[in-house]
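Here is how names work: the chains are called A, B, and so on, in the same order as the sequence lines, proteins then strands, and each is numbered from 1.
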Amino acid sequence: MRARLIRDWRFWLLVVALLALAAALALPRLTLTRQARDLLVVIDITGSMNVRDYLQGGEPVSRLAIAKRAARNLLADLPCQSRLGLGIFTERRSFLLFEPAEVCENFAAIDGAIDALDWRMAWEGDSYIARGVHAALAIAGSLKADLVFLTDGQEAPPLAGGELPAYEGEPGAVAGLLVGVGAAEPSPIPKYNEDGREIGFYAEQDVPQENRSGPPPADAPSRAGWNPRNAPWGGEPATGTEHLSAMREDGLRRLAAQTGLGFAALRDPAALWKAVEADTRAHLVEVRVDMAGIPAALALIALTTLFGLGALAGRRPDRLPS
Amino acid sequence: MSWVAGAWQSLTGSWGVDHPLLLGLLVLAALPLAASPLIRQGIPSVFLAPADGLSRAVSLSLRLAGSVAILAIVLGLAGLHRREQMIARQGTGAHLVLLLDRSSSMDNSFADRAPSGDQEAKSVVAKRLLDDFVARRARDRIGVAAFSTSPMPVLPLTDHHEVVRAAIAAIDRPGLAFTDVGRGLALALSSFADDEDEASRAILLVSDGAALIDRKVQETLRDAVARTPVHLYWLFLRSRGAKGIFEEPPPGENTPQANPERHLHLFFQSLGVPYRAFEATSPRAVEQAIAEIDRQETRPITYFERVPRRDLARPAFAVAAGATTLLLLAKLAERNLVRSVPTAAAARPQPAVRRAA
């Protein structure tokens, strides 16, 4: 009797299945580590972000809308236990709306907060991007988060002499990246009245074409109507293309180099995660992983083999009883 | 057929699997119906084992045990779980929008100086006490809006207080220049626009000063308040030397320009909604005011308690183990029909060969 049982593969397959299931029930959960990130996302909401130079489904879409979409995609792409904080940039300040909070638990609220960003929250028309990035780095540093700064790089008024203001922090102390939003070709900037209605586009003389604070540039004496006391910048209004806005990739790259940040141009709002992954620091968090699946799969294989072979072995007995 | 769809909806609404593709393996559960773990043995005649109810039941239950074992393992592998459930409960609480002043004067102490030594900045005091306040009001839905030079929506109404506290933690960052209370209030009111619930709605305005409200904005506010009745609380962090909101100023000085705070108070009173102002001149007074609001806003509210997702993989494996144990017991109880007594007649074949179950 016992000898027959020991020779019977069916018996052994059942034993294997039962032992595997017992192992699945007894196996403790493993603690594994996973990469999570703490990010501070700062979105530029100055006027030039209203430029509609993205196309989506044949419709022109503003830079701000694309930046918001990119930030919401980023929020969805972050693994759980990552944290995300939100700030806005306008004038010369980065303004923290909320500190980094866990992304999975607070997804709806953070998503709603990003969606609610609007250029009308801006309090000033100026746009000192370099100072804003410096301020955002200080905030990110104090929060121990990495910075993701979405901007088109349009300085208004333009930097005096094209020089970046000095950065007081230590370059590279805060990791992160600048994300260039906008197309390379210049486009007109929409203009709004005080009720927030669009009333056309900025013309050449509506915006400062030259930064006339600080000492005049070296080439000033060669300008028409120059007078060292009365007209140190020349006698004629500055001309230029500051009323048209393109994504200032060169300026942003220089700023990124100055502050030790990375740079990525935003072409596709869904593709921001790749760049963020490359330029921000991950830290390890512990997740509990259930390993019961492996022995359970073994049990399934054993039972399937048992019944599969049983079915294949034929419905007829091998031999008649003697 | 709509009830089928309805049943399916309710099934997938509360139950789910992590790896739906693995459910394809469920077809394997049909195998035990075609095969048995017991050895088939020929017997000369079916009449040797007449059909009886008990045998049929045992035979059927063994087949079912095989199917159940496979089903349970596949469901467990696919990650069967009961989804996170929201259970509506009745409690006390409110839908609350915190409207926070982020102007730079909030960064000064109550003595209206840059904070030094043991003096705290008003924003630091407000941050600490609001954080306690939110921690005490676990059942509220809370939204956050800020205002300074312009109004800023910070968070929509949410049940998740971690992010609310992250927003409160941000208020002691350097603020901006001005105090646009009117448009800030309009923004806070608009936070309730999608809020269909019957719960009590409240706005807690925390500011250390006020500014004139434009006539146009005043009209807008009256309209908005008429549409969305709210309870309004103003926590006025009064600095030393600033004019109070409850005192009647001497005649001649009673103009909105000279006393914007007092006139904002009068404007709020004229809105025709429940309104209370608290004048806080020290951290202690702020604490009392917040405790008072805490006491006031205790009307019934339907809130949702989250029952977290429950993984059912282990129970499924336990069921599979039970079914497999049954099969193994049957296997152990299996007996050979043939006696091992050698007889001469054993070699002769019998004509009617049937299989036994």
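In this structure, CG on A:Leu97 lies 13.0 Å from CD1 on B:Ile171, to the nearest 0.5 angstrom. Atom CD1 of B:Ile70 is separated from atom OG1 of A:Thr304 by 5.0 Å, given to the nearest 0.5 angstrom. Rounding to the nearest 0.5 Å places OG1 of B:Thr324 at 11.5 Å from CG of A:Leu13. In this structure, B:Glu162 CD and A:Asn106 CG are separated by 4.5 Å, a value rounded to the nearest 0.5 Å. If you take CD1 on A:Ile88 and OG on B:Ser150, they are separated by 6.5 Å, rounding to the nearest 0.5 Å. Here B:Arg165 contributes atom CZ and A:Glu99 contributes atom CD; the two are 12.0 Å apart, rounded to the nearest 0.5 Å.
When the candidates A:Pro295, A:Ala17, A:Gly87, A:Ala292 are compared by the number of heavy-atom contacts under 4.5 Å with chain B, A:Ala292 comes out ahead. In terms of non-hydrogen atom pairs under 4.5 Å with chain A, the most contact-rich of B:Thr158, B:Leu327, B:Leu328 is B:Leu328. Most heavy-atom pairs under 4.5 Å with chain B: of the set A:Leu306, A:Ile110, A:Asp8, this distinction falls to A:Asp8. Interface check for chain A: of the options B:Ala69, B:Ala318, B:Pro151, the most heavy-atom pairs under 4.5 Å are formed by B:Ala318. Among A:Ala297, A:Ala296, A:Ala299, the residue making the largest number of heavy-atom pairs under 4.5 Å with chain B is A:Ala296.
Scanning all heavy atoms of the two residues, the minimum distance from A:Pro100 to B:Ala166 falls at O-CB, 4.3 Å. Between A:Ala109 and B:Val163 the shortest heavy-atom distance is CB-CG1, 3.8 Å. In terms of heavy-atom proximity, B:Pro153 sits nearest to A:Ala116 at CG-O, 3.8 Å.
Looking at B:Leu31, the atoms closer than 4.5 Å to chain A (heavy atoms on both sides) sit in the backbone and in the side chain alike. In this structure, chain A has a heavy atom under 4.5 Å from the backbone of B:Ser36, while its side chain stays farther away. For chain A, the nearby parts of B:Pro32 are the backbone and the side chain; heavy atoms of each come within less than 4.5 Å. If you measure heavy-atom distances from B:Ala169 to chain A, the contacts under 4.5 Å come from both the backbone and the side chain. Residue B:Leu28 touches chain A through its side chain alone, counting heavy-atom pairs closer than 4.5 Å. Proximity to chain A is limited to the side chain of B:Arg173, based on heavy atoms less than 4.5 angstrom apart. At a 4.5 Å heavy-atom cutoff, the contact between A:Ile139 and chain B is made by backbone and side-chain atoms alike. Heavy atoms closer than 4.5 Å to chain A are found nowhere in B:Ala146, neither backbone nor side chain. The contact between B:Leu77 and chain A is made entirely by side chain atoms (from C-beta outward), counting heavy-atom distances below 4.5 Å.
A:Arg10 is not listed as a side-chain neighbour of B:Leu38, based on a closest heavy-atom distance of 4.5 Å or more. In this structure the side chain of A:Phe98 never reaches within 4.5 angstrom of the side chain of B:Ile168, judged on heavy atoms. Within the 4.5 Å cutoff, side-chain heavy atoms of B:Met152 are placed close to those of A:Phe95. Taking 4.5 Å as the limit, every side-chain heavy atom of B:Leu33 sits out of range of all side-chain heavy atoms of A:Phe307.
Residues satisfying the salt bridge (charged side-chain N to carboxylate O under 4.0 Å, His left out) test with B:Asp180, not counting sequence neighbours, are B:Arg183.
Contacts classified as disulfide bond (SG atoms under 2.5 Å apart) and involving residues 141-188 of chain B (residues at least two apart or in different chains) are not found.
The number of heavy-atom neighbours closer than 6.0 Å to CD of A:Glu198, taken from other residues, nucleotides and ligands shown, is above 12.
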